[in-house]
2 protein chains.
Amino acid sequence: MALPNGPVTTSSEAEAVLFDLVDVYERAYEAAAAELSLSPAQACVLGRLDERRGMGALAEELGCDASNITQIVARLEALGLVTREPNPRDRRARLVARTPRGDEINHRFTTAFTFARTAVGRLSPDEQDQLTALLRKALS
Amino acid sequence: MALPNGPVTTSSEAEAVLFDLVDVYERAYEAAAAELSLSPAQACVLGRLDERRGMGALAEELGCDASNITQIVARLEALGLVTREPNPRDRRARLVARTPRGDEINHRFTTAFTFARTAVGRLSPDEQDQLTALLRKALS
DNA sequence: TTCATTACTTGATTGAATCAAGGAATATTG
DNA sequence: CAATATTCCTTGATTCAATCAAGTAATGAA
């Protein structure tokens, strides 16, 4: 379990709740991945493969080094969740795609990761809209 | 940089904004730590030492194995940011405390980690209260 | 006093992340 | 077209986080 990333002392209640949210979110994500014997990074990459993608595209989207993706995809491949096919249009490149088993595991993961759904579900539709608007403004 | 932990496809806008928030928060935390050549975990532990604490207390608070704390504290100690003093009341235990330099670095970290402050600051006091209430409800 | 428990450390292992360097294919440009 | 640069990815090395099993030393309880 990754350590929480948050200040202990916050100057406002809103900040404290933000920190709580991030912490609980992360733990829930990690727990859902762990249920399927996946690391968070593996679950993350697997989740980006609704469409087949090149290694470089994954790295750019996830904001990390390509060699990091090489590593993670290699483990997913060893687990039989992903394939690395040659790209017919560019023989330097590889196209990563989920296997049927990868699809299944990914589906089970999205089912197991209920946190965001559940949290949002505690709010009425109006409240959900308010939350969306407030967070958008806060993030702008 | 840790990979983002979020589903690509979300069933509601609120969920998507939650994911964005978590992602941006994490990256900001990591960036602030990196500015001071700290890992997120090191920044986290350093931040919990406003009061001196035992290793076990840190582990419990952070929800991880004691040996993980041993490791992280050892690195902080090597950096001169923390001391491990014997606990006079229990010679098995150690009390971890920030050094003056640790205080300074921790202060610089909390200054550098502006994300939550800035995000909340974009909202009016009323909006901050609304956000707090909504998130509390969502997290309940 | 014996025995269990607590507090922490050590050692081993796995995996994420980053960097430097390199191979192979493609793109550029002279 | 040939030479060069660039892109795409991999490999190897390193650092650190995290977990587990095992161990030491001190405390507490029977």
Side-chain angles (χ1 to χ4, degrees), chain A residues 1-5 26-27 29-31 33-34 36-46 48 52-79 81-97, chain B residues 1-5 26-27 29-31 33-48 52-79 81-97:
Chain A
M1 189 77 75
L3 299 190
N5 288 343
E26 292 290 333
R27 289 179 187 272
Y29 191 93
E30 206 166 325
L36 299 163
S37 304
L38 295 177
S39 69
Q42 287 165 356
C44 171
V45 168
L46 202 59
R48 309 276 158 158
R52 60 170 53 173
R53 263 186 175 66
M55 310 284 291
L58 281 169
E60 190 180 2
E61 186 179 341
L62 299 176
C64 71
D65 196 272
S67 63
N68 196 11
I69 297 295
T70 296
Q71 231 181 6
I72 294 165
V73 166
R75 291 192 185 107
L76 288 172
E77 196 180 26
L79 294 170
L81 305 180
V82 135
T83 58
R84 262 185 303 194
E85 303 161 7
N87 184 337
R89 305 189 149 202
D90 183 343
R91 287 184 309 178
R92 295 168 297 182
R94 303 282 195 98
L95 288 173
V96 188
Chain B
M1 192 75 77
L3 299 190
N5 287 344
E26 291 290 334
R27 287 177 189 274
Y29 192 93
E30 206 165 323
E35 272 183 42
L36 299 164
S37 303
L38 295 177
S39 70
Q42 288 166 354
C44 172
V45 169
L46 203 58
R48 308 277 158 156
R52 61 169 54 175
R53 263 186 174 66
M55 309 285 291
L58 282 168
E60 191 180 0
E61 186 179 342
L62 299 175
C64 72
D65 196 273
S67 63
N68 196 10
I69 297 295
T70 297
Q71 232 180 9
I72 294 165
V73 166
R75 290 191 187 106
L76 288 172
E77 196 179 25
L79 293 169
L81 305 180
V82 135
T83 58
R84 260 185 305 193
E85 304 161 7
N87 184 337
R89 306 187 147 203
D90 183 343
R91 287 185 309 179
R92 295 169 297 183
R94 304 282 195 96
L95 288 173
V96 189

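These numbers were taken from a predicted model, which means no experiment stands behind them. Chain letters run A, B, ... following the sequence lines, proteins first and then strands; every chain starts at 1. For the numbers below, each heavy atom of this structure counts, side chains included, while hydrogens, waters and symmetry mates do not.
The backbone N or O of A:S39 lies less than 3.5 Å from a partner atom in the side chain of A:Q42, making a donor-acceptor pair.
Checked against A:V96 for a side-chain contact (heavy atoms from CB on, under 4.5 Å), the options A:R48, A:M55, A:R52 give a single hit: A:M55.
If you find the closest nucleotide of DNA chain D to A:I69 and to B:I69, the one lying nearer the 5' end belongs to A:I69. For the pair A:E30 and A:Q71, both in contact range of DNA chain D, the more 5′-proximal nearest nucleotide belongs to A:Q71.
For B:R92, the side-chain atoms get nearest to D:dA25 when compared with the rest of D:dA25, D:dC9, C:dA17. The side chain of A:L3 approaches D:dA18 more closely than any other nucleotide in the set D:dA18, D:dT11, C:dA7. Among C:dT18, C:dT9, D:dA17, the nucleotide with an atom closest to any side-chain atom of B:A41 is D:dA17.
Contacts of A:I72 with the nucleic acid, taken as non-hydrogen atoms under 4.0 Å apart, involve only primed sugar atoms and P, OP1 or OP2. Contact annotation for A:Q42: backbone-only contact, meaning every heavy-atom pair under 4.0 Å involves sugar-phosphate atoms and none involves a base. Nucleic acid contact class of B:A2 (heavy atoms, under 4.0 Å, all strands): sugar-phosphate only.
Spacing between atom CG of B:L62 and atom P of D:dA18 amounts to 9 Å, rounded to whole angstrom units. If you measure from atom CZ of A:R75 to atom P of C:dA17, you get 10 Å, rounded to the nearest angstrom. Between the P atom of D:dC16 and the CE atom of B:M1 lies a distance of 17 Å, rounded to the nearest Å. Taking atom CZ of A:R94 as the reference point, atom C1' of C:dG23 lies 13 Å away to the nearest angstrom. Between B:N68 atom CG and C:dT9 atom P there is a gap of 12 Å when expressed in whole angstrom units. Atom CG in A:D90 sits roughly 8 Å away from atom C1' in D:dT7 (whole-Å rounding). Across the protein-nucleic acid pair, B:L79 atom CG and D:dT15 atom P stand 14 Å apart, rounded to whole Å. Atom CG in A:L38 sits roughly 10 Å away from atom P in C:dA16 (whole-Å rounding).
Proximity of A:L3 to B:P40: side-chain heavy atoms (C-beta onward) are nowhere separated by under 4.5 Å.
Here A:R91 reaches the OP1 or OP2 of C:dT26: one of its side-chain N or O atoms lies under 4.0 Å away. Phosphate contact (OP1/OP2 of C:dA16, side-chain N/O of A:S39, threshold under 4.0 Å): present. Taking 4.0 angstrom as the limit, A:R84 places a side-chain polar atom (N or O) nearer than this to OP1 or OP2 of D:dT10. One finds no side-chain N or O of A:S67 lying less than 4.0 angstrom from the OP1 or OP2 phosphate oxygen of C:dT18.
In terms of heavy-atom proximity, A:T83 sits nearest to A:E85 at OG1-OE2, 3.5 Å.
Interatomic distance, SG of A:C64 versus CD1 of A:I72, reported as 6.0 Å (0.5 Å rounding).
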